[in-house]
Number of protein chains: 2
Amino acid sequence: MVRQLTPARAGLWRHVSRMANDNLGPYFALLYEVGIINQIGTAFLEARLPSDLLVSHFGVVSHLIRVCDGATPIELARAFQVAKTTMTHTLAGLEKHGFVEMRPNPGDKRSKQVWLTPAGQQFRDEALAKLAPLFEALEDRFSSRRVAAMLPDLAEFRSVVDRLRDEMK
Amino acid sequence: MVRQLTPARAGLWRHVSRMANDNLGPYFALLYEVGIINQIGTAFLEARLPSDLLVSHFGVVSHLIRVCDGATPIELARAFQVAKTTMTHTLAGLEKHGFVEMRPNPGDKRSKQVWLTPAGQQFRDEALAKLAPLFEALEDRFSSRRVAAMLPDLAEFRSVVDRLRDEMK
DNA sequence: TCCAACTAGTACGATGTCGAACTATATAAC
DNA sequence: GTTATATAGTTCGACATCGTACTAGTTGGA
């Protein structure tokens, strides 16, 4: 999962972000930073997962543990904002590994429920354990307190963009 | 390019971000916000591009205009942090549209140079024009000044993670 | 000079994600 | 109750991205 090309880390938005002369610059710059952080974060996690498992698999298992076990595939698709066909694919992978179990939804015969298995629990625990030293190293260079301080503005911006997206659909 | 599923906008990291009880929370929460913003930003732009063109095409053209016309494919691949095979594919698309022109690199017979055509210029101008009203709407709800204020911390975090990534490779 | 190691670019196959189309079930309107 | 519409999930085909493997050309050290 590690990229063939190592240097630079530019990303989609760097270039555009230099357009200046108007007020678009900061928005593009934000998207630039955000794109890279997302990319690196995903790559970090994925490099510490079994080779045939992706961040999406980790995410689903985490969701079942933390938010609600027995969620339906469509709920999961919405939670992760992916197409439902993509969730079908992801769940098939998890089922093949024995990390989740699909059961019929007693309240709706069209639907199913996704339940975590002990193996799925273990998968998530191990992934988190492998991630720990990484976050310790991070803490030394950019404290979680500083990150926490950035969160409110970032969340508000996200929320604004999210609503704007729906309105402009 | 508009998603089949509209609601929620959760994303990869929400779930994990609630693990609490330790200092990992803020990091995961940041990755969650960042993932969504990136996703929405890309979808916004892509929805305003001709249907068979992606943000990557827009990015390459912007790069040629703003950073350096006549760049080599490998330079572009590094700049965007994608595999060189991906850049080959992207450039083929741009060439098919007549937006760029591939010429031999006079200094290295293995290599090529990518040059923008007038049509490529126009493509970028039109894309930016379509984007303008969107950013005006944004300005009303979350000013570019506020975004600019967020940038230094975000850029530093990005830089830290970027270096960490190389060290832990 | 010559050869080993490296680099630029492409071809190919694998895989993840998507939208469209479909089946089965649910819901709402009449 | 019947029928139209909406929803859950799958299958399928399209396509973007990736890694591997290859060719052609470059570079640096014996």
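Here the structure is a predicted model, which means the values were calculated and not measured. First the proteins, then the strands, lettered A, B, ... as listed; each starts at 1.
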*Return the set of residues passing salt bridge (charged side-chain N to carboxylate O under 4.0 Å, His left out) with Asp69(A) (not counting sequence neighbours), or none when no residue passes.*
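Residues passing salt bridge (charged side-chain N to carboxylate O under 4.0 Å, His left out) with Asp69(A): none at all.
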_Selection from dA26(C), dC18(C), dG9(C) that lies nearest to any side-chain heavy atom of Ala83(A)_ =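 Among dA26(C), dC18(C), dG9(C), the one nearest the side chain of Ala83(A) is dC18(C).
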*Measure from the side-chain heavy atoms of Lys84(A) and tell me the nearest of dT26(D), dT17(D), dT10(D).*
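My answer, after comparing the listed nucleotides, is dT10(D).
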Any donor and acceptor pair, going by atom type alone, linking the side chain of [X] with main-chain N or O of [Y] inside 3.5 Å?
| X | Y | result |
| --- | --- | --- |
| Thr86(A) | Val82(A) | no |
| Gln121(B) | Leu116(B) | no |
| Ser62(A) | Phe58(A) | yes |
| Ser111(A) | Gly107(A) | no |

Separation of [X] atom [atom1] from [N] atom [atom2], in whole Å?
| X | N | atom1 | atom2 | value |
| --- | --- | --- | --- | --- |
| Gln113(A) | dG9(D) | CD | C1' | 14 Å |
| Phe80(B) | dA16(D) | CZ | P | 16 Å |
| Lys112(B) | dT26(D) | NZ | P | 15 Å |
| Asn105(A) | dG9(D) | CG | C1' | 12 Å |
| Glu46(A) | dC18(D) | CD | C1' | 11 Å |
| Asp108(B) | dC6(C) | CG | P | 17 Å |
| Asp52(B) | dG19(C) | CG | P | 16 Å |

_Is it true that Gln113(A) and Thr72(A) share a donor-acceptor pair across their side chains at a distance under 3.5 Å?_
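Result is no, nothing qualifies.
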*For the residue pair Phe157(A) and Tyr27(A), does the interplanar ring angle fall in the parallel (under 30°), tilted (30 to 60°) or perpendicular (over 60°) class?*
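The arrangement is parallel - the two ring planes meet at less than 30°.
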*Derivation and outcome, ring-ring contact (aromatic ring centres under 6.0 Å, His included), residues Phe28(A) and Phe135(B)*: CA-CA 10 Å; Phe28(A) 279 116; Phe135(B) 281 99; 5.1 Å; yes
*Axis-to-axis angle between the two ends of the helix from dT1(C)-dA30(D) to dC30(C)-dG1(D) (five base pairs per end, rounded to 10 degrees)*: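 It works out to 20° between the end axes.
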Sequence neighbours excluded and cut-off under 3.5 Å, please list the side-chain donor-acceptor pairs for residues 145-155 of chain B, or say none.
unit_1    : atom_1 : unit_2    : atom_2 : d
Arg146(B) : NH1    : Glu156(A) : OE2    : 3.0
Arg146(B) : NH2    : Asp153(A) : OD1    : 2.9
Arg146(B) : NH2    : Glu156(A) : OE1    : 2.9
Asp153(B) : OD1    : Arg146(A) : NH2    : 2.8

*Under 4.5 Å between any side-chain heavy atoms of Pro73(B) and Lys84(B), yes or no?*
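No; the side chains remain at least 4.5 Å from each other.
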_Just N and O in the side chain of Ser111(B): are any of them under 4.0 Å from OP1 or OP2 of dG9(C)?_
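For dG9(C), OP1 or OP2 has a side-chain N or O of Ser111(B) closer than 4.0 Å.
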*May I ask you to verify if any side-chain N or O of Thr72(A) is less than 4.0 angstrom from the OP1 or OP2 atom of dA8(D)?*
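Result: no.
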*Near DNA chain C, under 4.0 Å by heavy atom, which residues of residues 86-98 of chain B?*
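Those residues are Thr88(B).
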Result block: side-chain N/O donor-acceptor pairs under 3.5 angstrom for residues 91-103 of chain B, not counting sequence neighbours:
unit_1    : atom_1 : unit_2    : atom_2 : d
His97(B)  : NE2    : Asp52(B)  : OD2    : 2.9
Glu101(B) : OE2    : Arg103(B) : NE     : 3.4

Could you go through nucleotides 4-7 of chain D and list every protein N or O atom that sits under 3.5 Å from one of its N or O atoms, giving the distance for each pair?
unit_1 : atom_1 : unit_2    : atom_2 : d
dT7(D) : O2     : Arg110(A) : NH1    : 2.5

